[in-house]
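Quick notes on the structure that follows.
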Amino acid sequence: MKKSVLFLAFTVLASTAFAQFNMRLTYGTFDSKQVTFGYDICKWTPFVAFDAFTLAVKLDEGDVTKLNASAFAPTLGVRYYFLNSGDLKGYGSLSAQKVFVSGKYKMEIENEGSQTIKLSDVLDTKNILQGQLAFGAEYFFNDKLSLVAEYGFRYIYSQFKTTADFGDGTYTIQPGATFARLGLGFHF
């Protein structure tokens, strides 16, 4: 019964004359890149997004330590347009993400050589979740192309375990960070 009601509600909403498919490409702080696919239904836009983050660190204090890591985060969210002033639209957005991490840690010790460790071998990173609350504006050049600016708050919950090579333990990290994005929106 629940599935039938949900299917009927989705069909009615999706068949309205105000529905429109959209895609966004944005680049933001902390070297984050995002591609978003959404479906505009009146003032609401449910969306699926894919974020990518990269990090490279090199410490040179006698011994050289290098860390190269990347993260991929599929996202589910919803955007609500609360302002519609001609070519300018203002919105709020709420989304949740699951983060997958990969990378290498390399340590070069003088007179002893180097050791490379894959992060997946020493970290169990199954519990990295992220939530975002954002506000933004979209300026429409025409019906099909827009400029997107967004500012928001990202809350990350991460709990991971390490192996003996990296120091046994279970760690919980809960940082919050603000972010800014600028991009292009395409509406079909």
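Throughout, residue positions are numbered sequentially from 1 according to the sequence presented. Scope of the values below: all heavy atoms of this structure, side chains included, with no hydrogens, waters or symmetry mates.
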Reported CG-to-OG distance for the pair Asp51 and Ser95, which is rounded to 0.5 angstrom: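 It comes to 8.0 Å.
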Phe100 CZ to Ser70 OG distance, which is reported to the nearest 0.5 Å: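 Answer for the CZ-OG pair, Phe100 versus Ser70, is 13.0 Å.
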Partners meeting side-chain contact (heavy atoms from CB on, under 4.5 Å) with [X] (sequence neighbours left out):
{"X": "Ala49", "value": "Gln34, Thr36, Phe47, Thr75"}
{"X": "Leu76", "value": "Val48"}
{"X": "Phe186", "value": "Met23, Leu25, Leu145, Leu184, Phe188"}

Report yes if some heavy atom in the side chain of [X] is under 4.5 Å from a heavy atom in the side chain of [Y]; otherwise report no.
{"X": "Glu138", "Y": "Tyr81", "result": "yes"}
{"X": "His187", "Y": "Arg24", "result": "no"}
{"X": "Thr45", "Y": "Tyr39", "result": "no"}
{"X": "Gln132", "Y": "Phe179", "result": "yes"}
{"X": "Glu150", "Y": "Tyr91", "result": "yes"}

Shared-cluster residues of Val78, by chain and number - hydrophobic side chains joined below 4.5 Å: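 Val78 shares its hydrophobic cluster with Trp44, Tyr80, Phe82, Leu83, Leu94, Leu133, Phe135.
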Stepwise side-chain contact (heavy atoms from CB on, under 4.5 Å) check, Asn142 with Asp87: CA-CA 8 Å; Asn142 56 40; Asp87 293 338; over 6 Å; no
Considering all heavy atoms, the nearest Gly185-Val148 contact: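 Distance-wise, the nearest heavy atoms are N-CG2, 4.0 Å.
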Closest heavy-atom pair and its distance - Leu88, Ala137: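 Of all heavy-atom pairs spanning Leu88 and Ala137, the closest is CD1-CB, 4.1 Å.
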ILVMFWY network linking Leu147 to Tyr151, side-chain heavy atoms under 4.5 angstrom: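 No, no single cluster joins them.
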Those residues that, when tested against Phe37, pass ring pair (Phe, Tyr, Trp, His ring centres under 6.0 Å) (two or more places apart):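 With neighbours one apart ignored, the set is empty.
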Contacts of Arg79 that satisfy side-chain hydrogen bond (donor to acceptor under 3.5 Å, both in side chains) - sequence neighbours left out: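 By the side-chain hydrogen bond (donor to acceptor under 3.5 Å, both in side chains) rule, Arg79 matches no residue at all.
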Check: Tyr139 ring centroid to Phe141 ring centroid under 6.0 Å: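 Yes, the ring of Tyr139 comes within the 6.0 Å limit of the ring of Phe141, centre to centre.
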